[in-house]
Amino acid sequence: MTDTSDQREQRLQKLTTLRAAGVEPYPARFSCTHSAAEALAAFVASEGQEEPPVVRTAGRLMAIRVMGRASFAHIMDGTSRIQIYLRQDEVGKEAYRFFREGFDLGDFIGVEGSLFRTRTGEVTILVQSFEMLAKTLRPLPEKWHGLTDVETRYRQRYLDLLVNEPVRRTFITRTRMVTAMRRFLDERGFLEVETPVLQPVYGGAAARPFVTHHNVLDADLYLRISDELYLKRLIIGGLDRVYEIGRDFRNEGISTKHNPEFTQMEVYQAYADYNDMMCLVEELWHAVAEQVLGTSRLTYQGHEVNLMPPWRRVTMHAAILEATAIDIEEYPDVNSLHQRIKELSLEVNAKPAWGKQVEELFDEYVQPKLIQPTFVLDYPLDISPLAKKKPDAPRLVERFEFFVGGLECGNAFSELNDPLDQRERFEMQRKQLQDGDEEAHPMDEDWIRALEYGMPPTGGLGFGIDRMAMLFTDSSSIREVILFPTLRPKPGR
RNA sequence: GGGCCGCUAGCUCAACUGGCAGAGCAGCUGACUCUUAAUCAGCAGGUUACAGGUUCGAUUCCUGUGCGGCUCACCA
C-alpha cells in the first residue's frame, strides 16, 4: 500500500489512515488500574486463587512479535516492562487487524485484560481490549545495542533514557541522593532556603561569571557563581542553620569534571567552625551512601572507596611535604618557593602568588592520590578571602577541601565574620584583579555592611552534587550525571 | 585555545593498498494462535557530516569548516 521508504512518512500515512477510520491517535486520557509493576505484583499475590486479576494498564510498545493470528508484545511504563498477548479470537478480527496495521514500535497503548503465566513462565496480560494512546512518528533506536552515539545521547537524552537502562538508574540514583540529603539536614534542624540566582555583585568563589541584563531596571546582573554571601546574610538574620541546593553558573572551560551550570549544596551553621563541618560532611555522605547504595563502600573507576567515618585529615602543609619534600613554611614567599621548585625540578606551572603556587603544587602532586575520603586542612590566606584566619598561623585560614576518588568534592571554612578583616581581604583581591586575575573576588560593600551588623561564629560548607553523583554512579564524566549537559548549539534543526 | 581520534541507511557497525558502498536490527510484502534478540521467504532503504583539492576513479589520500569524544592548558 505504502511504498515510501522513509519510516516517518510511513507512520504519518498510518496516522492519516487511522484518523480517516475514526480513530483518534492522541486521546486525552486512559484510566489505568495498575502500573506495570503493580500488575506483576498483583498476579504474584493472586497465584493459587481461582480468578486471575484483570488489569487496565498502559505503556510504550518496546517489542512486537507477530505470529499470524496471535501476537506477543512488551510494553514499558515508568515502573517496569510487562508482556501482553493478543489473540484474534480474543479481541476480534477487526481489532486484531488494527493492532497489526496501526501500531508501530514506540507507540503508546492502553490495554485491559487478565493476567496469566505463559509456558515459559512470564507473567503476561491476555488482552481483551486495547486502544492507541499516542502514535510515534520516528523510529526508536535499535533494541539490542541501544543508543551509543554520545552526542545523540546528550542532545536527545529522552532516547538515551528510553533505551539505556543504566542511564535511567544513574539519574534515579542522583535524585535519591538529593532526597536523602534533604532528609538528613532537615532532621538536624537545617532550614532549606532559596536565594537569588540573579545578583548585582557575584561572589563567594573564584570564577568568571555570566552576565545578563534586566531591561526594565536597565541593570546588568550576574548569574550566581555561588550562594555563599546570601546564605551568610541569613545567618546574620538569625536563621542559624540554613542550606540551599541550587544551580551555580561559572563562565569557564567545559571538561569531564566541569559543566558551566552545576548543582551545589551549601550549608551554614551558626556557632560552628570548620571542624564541625568536617563531621557534618562525613556523616552526611555516609548517611546518603547507606540510604541510596545500601553500603558505605563504593567503587569509583576501579578504586574501592570507603566512606565510613572518620575520614583522614591532613594539613595542606603536611600533604605537600609528604608528596614533594617541600616544607612550604620554609619558603614563605613566592620567589623562594619558585626557587625551591626549580631546584627539585618539579613539573608545576609557575603562579604569580604564594597561595596560588602552593595550591598548584597540591593539585599536581597530592590531589590525584587522594582516593580514600580525605580532608585537606588549612589553606593559604591569599586564595581564601572569605575564610577566618588561623589564630596561630597568620598566613593560613581555617579552611578545608575534601577529596574522594581523586575528585575535588567540596570546600568549607570557619567563616570570616570580622568586617574590618573582610574589607582588607577584598582590597587584596582588588589588587589581584588589577594584576589581571579575572577570577579575583570583587569588592562587595553591601556584604561588608551586612557583616558590620554582626555575624556569629559560623561554619560553612559547599559541595558539588554532580561530582558526588559521579562517585555514587561510577561515572567518569560529569555529563553522565547531568540530564542535559551544556553542548555547543547545533545549527539547523 | 592546543594535540589526538571520530562522523558511512532510522539505530549498531563493515568496506584490504584508492577500484561496483554492505550486514544485523528497525521498515515494507507474504506465511505463522505460547513468543521473548521469535522464526521463515522476498523487497526497499545512502548527498559516506559539509566545502574544496589530487586522481581515469575518493568512504578511503590532502586542505579547510562543522559537531562530538578523549587529553593538555584553563578551572580554589
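A, B, ... follow the sequence lines: proteins, then strands. Residue 1 opens every chain.
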Under a 4.0 Å N-O cut-off, is there an ion pair linking A:Glu47 with A:Arg117? yes

Mapping A:Ile64 and A:Ala207 onto RNA chain B by nearest heavy atom, which one lands closer to the 5' end? A:Ile64

What I want to find out is whether A:Arg168 reaches A:Glu165 closely enough, with some N-O distance under 4.0 Å, to be called a salt bridge. yes

C1' gap between B:C67 and B:C50, integer Å: 11 Å

What's A:Leu487 touching, base or sugar-phosphate or nothing? Going by heavy atoms closer than 4.0 Å. sugar-phosphate

What's the gap between B:A44 and B:G24 when it is taken at their C1' atoms, as a whole Å value? 16 Å

Quick one: label A:Phe116 by what it contacts on the DNA or RNA (base, sugar-phosphate, nothing), any heavy atom closer than 4.0 Å. base

C1' spacing across the pair B:U29 / B:G53, given as an integer number of angstrom: 46 Å

Rounding to an integer number of angstrom, what distance separates B:C61 and B:G19 when you compare their P atoms? 11 Å

Send over the distance from A:Asp107 CG to B:G27 P, rounded to a whole Å. 11 Å

NA contact type, A:Arg100, heavy-atom cut-off 4.0 Å: base, sugar-phosphate, or nothing? base

Which whole-number value in Å describes the distance from A:Glu9 CD to B:G27 P? 17 Å

Contact class for A:Glu122 vs. all strands (heavy atom < 4.0 Å): base, sugar-phosphate, or nothing? base

Spacing of the P atoms in B:C20 and B:G66 (rounded, Å): 33 Å

In this structure, how many angstroms lie between the P atom of B:C28 and the CG atom of A:Leu12, rounded? 14 Å

Nearest-angstrom distance from the residue atom CZ of A:Arg153 to P of B:C11: 15 Å

With a 4.0 Å cut-off on heavy atoms, is A:Ala63 in touch with a base, just the backbone sugar-phosphate, or nothing at all? nothing

Would you kindly check whether a donor in the side chain of A:Thr148 faces an acceptor in the base of B:U12, or vice versa, at under 3.5 angstrom? no

Out of B:G27, B:G68, B:U33, minimum distance to the side chain of A:Tyr85 belongs to B:U33

Taking any heavy-atom pair under 4.0 Å as a contact, classify A:Leu105: base, sugar-phosphate, or nothing. sugar-phosphate

Atom CG of A:Asp160 to atom P of B:G69: distance rounded to whole Å? 13 Å

Going by an N to O cut-off under 4.0 Å, is there a salt bridge joining A:Lys388 and A:Asp273? no

With heavy atoms under 4.0 Å as the rule, sort A:Gln83 into base, sugar-phosphate or nothing. base

Classify the angle between the aromatic ring planes of A:Phe130 and A:Phe98 as parallel (below 30°), tilted (30 to 60°) or perpendicular (above 60°). parallel

Quick check on B:A38: is either OP1 or OP2 less than 4.0 Å from any side-chain nitrogen or oxygen of A:Arg65? yes

Rounding to an integer number of angstrom, what distance separates B:U17 and B:C13 when you compare their C1' atoms? 23 Å

Heavy atoms under 4.0 Å, any strand shown: does A:Val163 hit a base, just sugar-phosphate, or nothing? nothing

For A:Asn349 and B:C72, is the shortest distance between a side-chain N/O and OP1 or OP2 below 4.0 Å? no

Using a 4.0 Å heavy-atom cut-off, does A:Arg208 contact any base of the nucleic acid, only the sugar-phosphate backbone, or nothing at all? nothing

For A:Arg488, which contact category applies under a 4.0 Å heavy-atom criterion: base, sugar-phosphate, or nothing? sugar-phosphate

Rounded to whole angstrom, note down the C1' distance from B:C5 over to B:A76. 32 Å

Using a 4.0 Å heavy-atom cut-off across all strands, classify A:Arg479 as base, sugar-phosphate, or nothing. sugar-phosphate

Salt bridge or not for A:Lys431 and A:Asp435, using N-O below 4.0 Å? no

Atom NZ of A:Lys143 and atom C1' of B:U35 are separated, to the nearest Å, by 11 Å

How far, in whole Å, is B:C56 from B:A9 if one measures between their P atoms? 30 Å

Under 4.0 Å between any heavy atoms, over every strand shown, what does A:Pro260 touch: base, sugar-phosphate, or nothing? Just pick one. nothing

So A:Gly146, base contact, sugar-phosphate only, or nothing? Heavy-atom distance under 4.0 Å. sugar-phosphate

Can you measure A:Phe403 atom CZ to B:A76 atom P for me and round it to whole angstrom units? 13 Å

Identify whether any heavy atom of A:Thr256 sits under 4.0 Å from a base atom; if not, whether one sits that close to sugar-phosphate; answer base, sugar-phosphate or nothing. sugar-phosphate

Distance in angstrom units between A:His145 NE2 and B:C13 P, rounded: 7 Å

Counting side-chain heavy atoms from C-beta on, which of B:C34, B:A26, B:U33 comes nearest to A:Phe72? B:C34

Between A:Glu359 and A:Glu364, name the one whose nearest nucleotide on RNA chain B is closer to the 5' end. A:Glu364

